[in-house]
Structures are given as structure tokens and as C-alpha cells.
> 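Here it is, the structure, as C-alpha cells.
In each ligand, atom 1 is the first atom listed, and ligand 1 is the first ligand listed.
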Amino acid sequence: MLVVDNLVKQYGDLIAVDGVSFTAGKGMVFGLLGPNGAGKSTVINCISGLLRPTGGHISVAGFDIRKEAKKAKKALGVVPQELALYEDLPAIDNLRYWGKAYGLRGEYLESRVDEVLNTAGLADRAKDLPKTFSGGMKRRLNFACGVVHKPPVMLLDEPTVGVDPQSRERLFELVEAERENGSCIVYSTHYMEEADRLCDSLAIMDHGKLIAQGTVAGLRTQLGARDVLQLSGSFPGDATKQAIRALASGGIDLEIINHEEAGLTLTLSGASQHLPAIFEALSGAGALVSETSLRSPNLETLFLLLTGKELRE
Ligand SMILES: Nc1ncnc2c1ncn2[C@@H]1O[C@H](COP(=O)(O)OP(=O)(O)OP(=O)(O)O)[C@@H](O)[C@H]1O
Ligand SMILES: [Mg+2]
């Protein structure tokens, strides 16, 4: 349903998207996971036609977005990161507006508007102005506006930012309902839990590039059974490295992911049984450990392994 092939987007000297390729099919949620500035919105805005790609090809429902822009756009529903609502227009009229913009008319328009108001849990607020809504209600209306025309391909850009847990849950249910209807959904987020909960397939993005791609389970196995040990304190350069190397050659399966004066991140298997040896070696190297955190493998530690930094910094 959606093919993105070697997409590049440059803003002057800055390469915001650097050769991104992926495909997404019917009835699936494709997750785009990455920290602030990774390039998620730029990818989504290139697909939606809001931005003009510098290079690469995109097709939506079989239509090339450059050569058959109109048909491609018709197949798309977009829920932008910034709310796209008319605050002084009743909720129901916001939906009618978007429905009409996508060519819906008459009874079918009205029935779709009612339907999405119900699924978004806003039926009793239909005549109210969005400016009187809570953040979560605005997000749900924003979502409803993007799906009123039943698009086969949906682009959701961080749809849960700033919403309360209840609205968030409701939005998840809306996404799941669209997936069951057979929609192809691109979902961007910087929350690992959301990616884990919703996405059938996932790409991890950083600095404009996809650094890992696969199913959530597949990405997990890439990690193997390795734990991540994060230490803060003081870790003198060469002595620390030598101490860790000595442990590794002594038969402990471990590796340095990141080493700074004030922090050391290691990946290792069977971490808990090796902790005493690690602390002893570090102390012998003149290091001081003030804080320790040991994490079992998950998508967040995978990101850390791939980039040496936290997903949320
Ligand atoms: N209009 C623009 N002009 C210049 N640079 C831009 C523009 N829009 C985005 N960028 C830059 O492109 C990069 C990617 O931005 P983008 O908004 O796609 O990231 P994102 O992954 O969506 O981040 P966030 O999670 O904060 O929404 C950033 O470095 C950003 O500063
Ligand atoms: Mg964004």
C-alpha cells in the first residue's frame, strides 16, 4: 500500500532524511520510532505531499506521489503532529469540512461524520467548539478529521503527545479499529511502549536514517539475551577501557557501548552474576561508581545499543 524508496529531504545543508526506504501493507501498523529531530515528521510530510522530497520515490496505494499526486492524496488520511482544527468551528463542522475536502457528500458524508464522532467518543460534544475541549479531546477530534473519508493509508504523526492516559488508550483503540478495517497505518512516536503495543513492523530512526527495521520480536532477538548496565560516576579513560578488556578476555561476555568521563554503558550477558567482578575491576582502575542501572533487553536498550544514546534525552 505504501512504498518509500530511498527518500532524501534536505533543508539547505541539513539532510533531515537520508535515504529512507520501507514498505507497509494492508491491515498493519508500521511504526517510525525515533527521538526529537530524527526526521519522522519530515518523512510523513513528504509522503503526504506537504513537503517536496529532494530525492527518492514514494507511492501510495499504487500511485506515484509526483506523477499521480491527486489519486495518491485521495488514498491518504493524515493526522498531523500539530493540531489541524478550526477552533471556532463546532467539532461536527470540522469533520464535515474535512469530509468535503476529500469529496464526501450528502448522506454518506453525514453518516461518516456521525460514525467517527462516535468512535472518537465525541458524539455528545459534536456541537461544541474545539477551543473548549481538553488536549485529549482535541487529539481525538484531530484523529477523527484524518479518518473521516476512510482512507486506505493513514499517516499518524505522534498522535498521543500531550494526552491523558485515558484518551491515549482511546486513541490506541481507534488505531486498532482502523487496522482491523484493513487500513495501512504509519505511526510515528518516540515512545517505545507505544511502538511495542501497536506496531506490527517497526523502523528505528536517528539522524535521518533508519538504523534498524523489522518486527518488534525480530528486533528484540537482534539484542540477544544481553542486558544493559549503565553506570555513572567517574571513569578515567584508558584505565577503565583496559579493565573492561581484561574482564572480556577473562571470559565475561561484555562490551562497551558508551564511555565518557562521567558515565559508562556496557552490554553483557548474565549481568547480575558478573556485577561483583565488574565493580572490583573498575575500582582497581581508579573508577568511582555513584549510580547503577541494570536493564533487561527491550526496544529502548536496542536504541541505546545502536546509537550509544538514550531514546529520550
Ligand atoms: N522547515 C525546516 N527547515 C529547516 N530544518 C528543518 C525544517 N523542518 C525540520 N527541520 C530539521 O529537520 C530535522 C528533522 O526534523 P523532524 O521534524 O522531521 O523530526 P521529528 O523526528 O519529527 O522530531 P520530533 O519528534 O521533535 O517531532 C531536524 O533537525 C529539524 O531541525
Ligand atoms: Mg515530528
> Starting from atom 26 (O) of ligand 1, find the nearest protein heavy-atom neighbour and note its residue, name and distance.
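For atom 26 (O) of ligand 1, the nearest protein heavy atom is N36 ND2, 3.0 Å.
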> Within 4.0 Å of atom 31 (O) of ligand 1 (strictly less), any protein heavy atom?
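Under the 4.0 Å cut-off, atom 31 (O) of ligand 1 has no protein heavy-atom neighbours at all.
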> Hey, is G34 one of the residues with a heavy atom under 4.0 angstrom from ligand 1?
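The answer is no: ligand 1 sits nowhere under 4.0 Å from a heavy atom of G34.
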> Do G39 and ligand 1 have an N or O pair less than 3.5 Å apart?
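G39 vs ligand 1: N/O contact under 3.5 Å present.
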> Atoms of ligand 1 less than 4.0 Å from T42 heavy atoms?
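Here the atoms of ligand 1 in question are 14 (C), 15 (O), 16 (P), 18 (O).
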> For ligand 1, which atoms, with element, lie under 4.0 Å from some heavy atom of P35?
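It comes down to these atoms of ligand 1: 21 (O).
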> Does the R179 side chain pair with the main chain of L198, one donor and one acceptor, at a distance under 3.5 Å?
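Answer holds: yes.
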> Atom NE2 of residue position H57 - does it have more than 12 heavy atoms of other residues, nucleotides or ligands inside 6.0 Å?
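Check fails, neighbour count at 12 or below.
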> Is R96 salt-bridged to D93, going by a charged N under 4.0 Å from an acidic O?
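Salt bridge: yes.
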> Can you give the angle Q81 OE1 - the Mg ion (ligand 2) - S41 OG, rounded to 10°?
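If I round to 10°, I get 80°.
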> Check whether Y191 forms a cation-pi arrangement with R168 (NZ or CZ under 6.0 Å from the six-membered ring centre, at most 45° off the ring normal).
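The answer is yes, since R168 meets both limits relative to Y191.
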> With distance as the sole test, does N181 use its side chain to make a donor-acceptor pair with the main-chain N or O of S183 at under 3.5 Å?
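No.
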> Would you check whether G12 reaches within less than 4.0 Å of ligand 1, judged by its heavy atoms?
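G12: no contact with ligand 1 (<4.0 Å).
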> For atom 1 (N) of ligand 1, what is the closest protein heavy atom, and at what distance to 0.1 Å?
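For atom 1 (N) of ligand 1, the nearest protein heavy atom comes out as Y11 CE2, 3.6 Å.
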> Check whether K40 reaches the backbone of L33 with its side chain - one donor and one acceptor, N or O, closer than 3.5 Å.
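Side chain of K40 to backbone of L33, a donor-acceptor pair under 3.5 Å: no, none is there.
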> Does any N or O of ligand 1 fall below 3.5 Å from an N or O anywhere on G37, backbone included?
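By distance alone, the answer is yes.
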> Parallel, tilted or perpendicular, judged at 30° and 60°: which one describes the rings of F30 and F22?
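Answer is parallel, since the angle falls under 30°.
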> With heavy atoms of S41 as the reference, note each atom of ligand 1 found under 4.0 Å away.
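In order of numbering, the contacting atoms are 17 (O), 18 (O), 20 (P), 22 (O), 27 (O).
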> I need the atoms of ligand 1 closer than 4.0 Å to a non-hydrogen atom of Q81, numbered in the order shown.
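With Q81 as reference, the close atoms of ligand 1 come out as 27 (O).
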> Can the ring centroids of Y97 and Y86 be said to lie less than 6.0 angstrom from one another?
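Yes, the ring of Y97 comes within the 6.0 Å limit of the ring of Y86, centre to centre.
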> Give the atoms of ligand 1, by number and element, whose distance to some non-hydrogen atom of A38 is under 4.0 Å.
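Those qualifying, in numeric order: 19 (O), 20 (P), 21 (O).
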> Checking salt bridge (Lys or Arg N to Asp or Glu O under 4.0 Å) for the pair K131/D88: CA distance, chi angles, key distance, verdict?
CA-CA 7 Å; K131 69 178 177 194; D88 290 310; 2.7 Å; yes
> Provide the number and element of each atom of ligand 1 under 4.0 Å from a heavy atom of A16.
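That gives atoms 12 (O), 13 (C) of ligand 1.
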> Starting from atom 11 (C) of ligand 1, locate the nearest protein heavy atom and write down its residue, its atom name and how far away it is, to 0.1 Å.
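For atom 11 (C) of ligand 1, the nearest protein heavy atom is L14 CD2, 3.4 Å.
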> Sub-3.5 Å donor-acceptor pair from the side chain of N142 to the main-chain atoms of K138, do we have one?
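No: the side chain of N142 does not pair with the backbone of K138.
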> Distance under 4.0 Å to a non-hydrogen atom of E158: what atoms of ligand 1 satisfy this?
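In order of number, 24 (P), 25 (O), 27 (O).
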